[in-house]
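Written out below as structure tokens is the structure these notes cover.
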Protein chains: 2
Amino acid sequence: MRPGGRTARVRASVLRAAGDALVERGLGALDLADVARQAGVGKTTVYRRWGTVAVLMADMLAEMAEHSAPRSDTGSLLGDLTANADLVRRTLCDPRQGALFAALIAAATADERTARELRGFYDARIAEWAPCVSRAMDRGEVPAGTSPQEVIRAVSAPLYYRLLTVGEPPDAAAAAQAARAAAVAAAAGVYIR
Amino acid sequence: MRPGGRTARVRASVLRAAGDALVERGLGALDLADVARQAGVGKTTVYRRWGTVAVLMADMLAEMAEHSAPRSDTGSLLGDLTANADLVRRTLCDPRQGALFAALIAAATADERTARELRGFYDARIAEWAPCVSRAMDRGEVPAGTSPQEVIRAVSAPLYYRLLTVGEPPDAAAAAQAARAAAVAAAAGVYIR
DNA sequence: CTCTTAACAGTACTCTAGTTCCGTTACCTT
DNA sequence: AAGGTAACGGAACTAGAGTACTGTTAAGAG
């Protein structure tokens, strides 16, 4: 593997073309030959380096993970969870990122490798935000023994659920509601492991 | 359309074969020609009546909807929500139904018709369980103005989230946790519209 | 019981996603 | 700056998913 120069340019333009195609025509119509043409790259190259749509999606996710967002510290659990919910909401509402996540989750149900990649991504994101809950535990806002990971997941769950089953990205009210629900339940000791 | 006899037998055996193939080899490897062969049915028939994998999935969902489960009435909101959570959990844990739902949600992200069918299914299910919350509202367990639909969705969300992002079906503890979280948040007035 | 016709089955065909092969480019080392 | 090689590009090829056509079966009406 040669990381620099041409190889990196090819990867970047293929991933960009794949993202465009995903937003415009959806996951079902994603054709590697089309992506190659749109990226100005040989069809053979795309098939050799990625091979399947699922692998390509996994690589798009890996590229996203390279640019992670910082977490907040507002001083209260509800404030931090609201910030987290709003970050998730903004991600899912973004035409490119929202479509990418929906497609990734779909691809993960059919391809184990994509599923592992996706799980790794979420584990990293959740681990990054877990300290919000730990600090709230130290402050006495939530009972001892609460699982920080479960609280963070509880914030994301309704937002993803809405995107995937209702079919539309969550709005600001839904994000605020998700954060409040998680904060209230955590304070009541629901997420004690 | 002739509803009885041969047509119904063909539909049943095709849907069964499609379900088998879905569980064994996954959504990605679902081939209509294979399904036809496995069902002991002409390939032409499958292509004529369904045409695409997404349409076939939508029909599988429609068949499922024909056998809906009754809702509970335990007398308390937490009891009813727990019953609902356990019903959802059992559905998602069932090898056939769990795989079917994961595949359906995946197909819905790529195909608008499947998405509509799926939304209709969930709307019906949620409407069936919403009275649990309305009755709790009458009893004074949750504040007036609470959206019953939102409470029911809040129960399902973490279970589906776990299935789709963690990759494994939820266990009984997760179901109980989801029910308690929704009940506590509802009582605190989080789901007032 | 007989006739009509909706729906099914088999075969031959098409068309394109995916593969193979080989020649070319350009990155990296010394 | 010059060679070695990893990676790219183009064209021809293959396989199998999906289609078109024709003949057959059986559900249902009278």
Side-chain angles (χ1 to χ4, degrees), chain A residues 1-22 24-60 62-63 103 106-107 109-114, chain B residues 1-22 24-60 62-63 103 106-107 109-114:
Chain A
M1 183 79 77
R2 293 185 173 181
R6 182 170 62 168
T7 299
R9 275 198 306 279
V10 166
R11 176 173 181 243
S13 72
V14 166
L15 294 188
R16 193 171 45 74
D20 290 344
L22 200 61
E24 284 167 22
R25 290 189 293 282
L27 176 62
L30 200 59
D31 172 31
L32 295 191
D34 270 347
V35 169
R37 198 176 317 118
Q38 199 65 27
V41 153
K43 171 169 96 157
T44 316
T45 300
V46 175
Y47 278 106
R48 188 177 339 96
R49 281 191 60 177
W50 291 279
T52 69
V53 171
V55 172
L56 180 58
M57 305 278 292
D59 199 33
M60 292 173 76
E63 195 204 25
T109 66
D111 179 75
E112 185 50 40
R113 181 169 162 184
T114 308
Chain B
M1 184 78 78
R2 292 185 176 184
R6 181 170 63 168
T7 299
R9 277 198 306 276
V10 165
R11 175 174 181 241
S13 72
V14 166
L15 294 187
R16 194 172 42 74
D20 290 345
L22 200 61
E24 285 167 20
R25 291 190 293 282
L27 176 63
L30 198 61
D31 173 32
L32 294 192
D34 269 348
V35 169
R37 199 176 314 120
Q38 199 64 26
V41 152
K43 170 169 100 158
T44 318
T45 300
V46 175
Y47 278 107
R48 187 178 345 95
R49 281 192 57 180
W50 291 278
T52 69
V53 172
V55 172
L56 180 58
M57 306 280 292
D59 200 33
M60 293 174 75
E63 194 204 26
T109 65
D111 179 74
E112 184 50 40
R113 181 170 162 182
T114 308

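Letters A, B, ... mirror the listed sequences (proteins, then strands); counts begin at 1.
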- Message: Using 0.5 Å steps for rounding, measure from the CG atom of Leu22(B) to the CG atom of Leu15(B).
- Response: 11.5 Å

- Message: How many whole angstroms separate atom CG of Asp34(B) from atom C1' of dG16(D)?
- Response: 11 Å

- Message: Between C1' on dC8(D) and CZ on Arg49(A), what's the gap in Å once rounded to a whole number?
- Response: 10 Å

- Leu56(B) CG to dG18(D) P, in whole Å, measures 12 Å

- First of Asp31(A) and Val10(B) reached from the 5' end of DNA chain C, by closest nucleotide: Val10(B)

- Check whether any side-chain N or O of Arg48(B) sits under 4.0 Å from OP1 or OP2 of dA7(C), and answer yes or no. no

- Message: So, does Tyr47(A) get its side chain near the phosphate of dT19(C), meaning an N or O under 4.0 Å from OP1 or OP2?
- Response: no

- Task: Return the 5'-most residue of the pair Val41(B), Val53(A) with respect to DNA chain C, ranking by each residue's nearest nucleotide.
- Result: Val41(B)

- Task: Give the rounded distance in Å between these two atoms: NZ of Lys43(A) and C1' of dT20(C).
- Result: 11 Å

- Please report, rounded to the nearest Å, how far the C1' atom of dG10(D) is from the CZ atom of Arg37(A). 14 Å

- Query: If only side-chain N and O atoms of Arg6(A) are considered, is one of them under 4.0 Å from the OP1 or OP2 phosphate oxygen of dT25(C)?
  - Reply: no

- Counting N and O atoms only, with roles assigned by atom type, does the side chain of Arg113(A) sit under 3.5 Å from a partner on the main chain of Ala58(A), one being a donor and the other an acceptor? no

- Approximate separation, where rounding is to 0.5 Å, of Glu63(B) CD and Arg16(B) CZ: 10.5 Å

- Message: Donor-acceptor pair, distance only, cut-off 3.5 Å: does the side chain of Thr114(B) make one with the backbone of Ala107(B)?
- Response: no

- Verify the contact: side-chain N or O of Thr45(B) to OP1 or OP2 of dA9(C), cut-off strictly under 4.0 Å; return yes or no. yes

- Note on the structure: Taken to the nearest whole Å, CH2/Trp50(B) to C1'/dA17(D) is 18 Å

- Closer than 4.0 Å, any side-chain N/O of Arg9(A) to the OP1 or OP2 of dC27(C)? yes

- Task: Would you state whether a donor and an acceptor, one from the side chain of Thr44(A) and one from the base of dG9(D), lie under 3.5 Å apart?
- Result: no

- Query: Rounded to whole angstrom units, what separation is found between the CG atom of Leu30(B) and the P atom of dG16(D)?
  - Reply: 17 Å

- Is any NZ, NE, NH1 or NH2 atom of the basic residue among Asp59(A) and Arg11(A) found under 4.0 Å from an Asp or Glu carboxylate oxygen of the other? yes

